[in-house]
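These notes concern the structure reproduced below.
Chain naming here is simple, since letters A, B, ... match the order of the sequence lines and numbering starts at 1 in each.
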Number of protein chains: 2
Amino acid sequence: MGISKTEIFTDQQNEISLFAKVFGHPARVAILQHLFKIDACICGDLVAEIGLSQPTISQHLKELKHLGLIKGSVEGTRVCYCIDAKNWSKMKLIILEFLNQDISIKEECC
Amino acid sequence: MGISKTEIFTDQQNEISLFAKVFGHPARVAILQHLFKIDACICGDLVAEIGLSQPTISQHLKELKHLGLIKGSVEGTRVCYCIDAKNWSKMKLIILEFLNQDISIKEECC
DNA sequence: TTATTTCATTGCAATATTACGATGAATCTA
DNA sequence: TAGATTCATCGTAATATTGCAATGAAATAA
């Protein structure tokens, strides 16, 4: 029905999928990569950098901010975005634990 | 328009987002965790293990198989699924590189 | 005050995703 | 062969996502 049955899954499973979902769009991947690359606050030129309209970029930024992965600070008429390093680290721990499940696997089965 | 403009992003950005998207649903996270946990092939009792209908599980399995993360082998009337270890490792490298972007960051900016 | 700039929000259209009942295909069992 | 079992696929309904034009809100500049 287009709606996920989150209630039948564990909090951990839902948390993993929420983080993964935000990385599930190339625009958000590109935004994060650009914020890391310039290694400083960037004000708004993400719209020029990535080829999407201003409202669309704003919407993607909103989702990233909602998960706490980026921070935005108002500077005059501009808004300055950057990575939230602490929350990024927390997210990394959660995703890494999921990705590293394979280290306990003994052998191929099929 | 409900459709991502993949053509304006790099292959790497699109690949990251494709892998992330498949992890963007708790059912697929649960399926993968279960396949890792039992450390052997499991046939169909994923439907019993996870609380979704058989067609729905089958659909999620199809997406995981399409990305190469799991393999399915027919055994009589049953189908045996397991993790594709090699492709899982390849996926890990791609996602890890993305997650570890923060190690080159010098300091907080905002 | 009146533009101008910058970004967020609203509203909408197009497409994608999620879920499941019904059905089909393949194999096994009696 | 005739049922039973297992899983995939089809069809459909409900909801989510993506994208942008239009508009709004807030600060700056003239």
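With sequence neighbours excluded, no residue forms a side chain to side chain contact (heavy atoms under 4.5 Å, CB included) with A/T77. Legend: residues meeting side chain to side chain contact (heavy atoms under 4.5 Å, CB included) with B/V74, ordered by chain and number and at least two apart, are B/V79. Taking B/S89 as the reference, A/D102 meet the side chain to side chain contact (heavy atoms under 4.5 Å, CB included) condition, with sequence neighbours excluded. Not counting sequence neighbours, A/D45 has no partner by the side-chain hydrogen bond (donor to acceptor under 3.5 Å, both in side chains) test.
With distances taken from any side-chain atom of A/Y81 to the nucleotides D/dC7, C/dA19, C/dA8, the minimum falls on C/dA8.
The stretch residues 9-28 of chain B has no heavy atom under 4.0 Å from DNA chain D, so no residue of it qualifies as close. Near-neighbour residues of DNA chain C inside residues 51-70 of chain B, defined by a heavy atom below 4.0 Å, number-ordered: B/L52, B/S53, B/P55, B/T56, B/Q59, B/H60, B/E63.
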Let me check something: any side-chain donor-acceptor pairs from residues 11-22 of chain A under 3.5 Å, sequence neighbours excluded? List them with distances.
unit_1 : atom_1 : unit_2 : atom_2 : d
A/Q12  : OE1    : B/Q33  : NE2    : 3.3
A/Q13  : OE1    : A/T10  : N      : 3.0
A/Q13  : OE1    : A/T10  : OG1    : 3.3
A/Q13  : NE2    : B/Q33  : OE1    : 2.8
A/N14  : ND2    : A/T6   : O      : 3.0
A/N14  : ND2    : A/T10  : O      : 3.2
A/S17  : OG     : A/Q13  : O      : 3.3
A/S17  : OG     : A/N14  : O      : 2.9

Could you pull out every donor-acceptor pair under 3.5 Å between side chains of residues 58-70 of chain B and any protein atom, sequence neighbours left out?
unit_1 : atom_1 : unit_2 : atom_2 : d
B/H60  : ND1    : B/R28  : NH1    : 3.0
B/E63  : OE1    : B/R28  : NH1    : 3.3
B/E63  : OE2    : B/R28  : NH1    : 3.3

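Both A/V79 and A/T6 sit near DNA chain C, but only A/V79 has its closest nucleotide nearer the 5' end.
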For nucleotides 25-30 of chain D, print each protein N/O atom paired with a nucleotide N/O atom at under 3.5 Å, atom names and distance only.
none

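When rounded to the nearest whole Å, the span between CG of A/D45 and P of C/dT6 equals 10 Å. For B/L46 and D/dA8, the CG to C1' distance is 15 Å, given to the nearest whole Å.
Residues A/I31 and A/Y81 form no side-chain contact, since every pair of their non-hydrogen atoms from C-beta on lies 4.5 Å or further apart. Contact annotation: the side chain of A/L32 approaches that of A/F23 to within less than 4.5 Å [non-hydrogen atoms, C-beta and beyond].
With hydrogens and angles ignored, the 3.5 Å screen pairs no side-chain donor or acceptor of B/E97 with any backbone N or O of B/I94. Checking side-chain atoms of A/W88 against main-chain N and O of B/L99 turns up a donor-acceptor pair under 3.5 Å.
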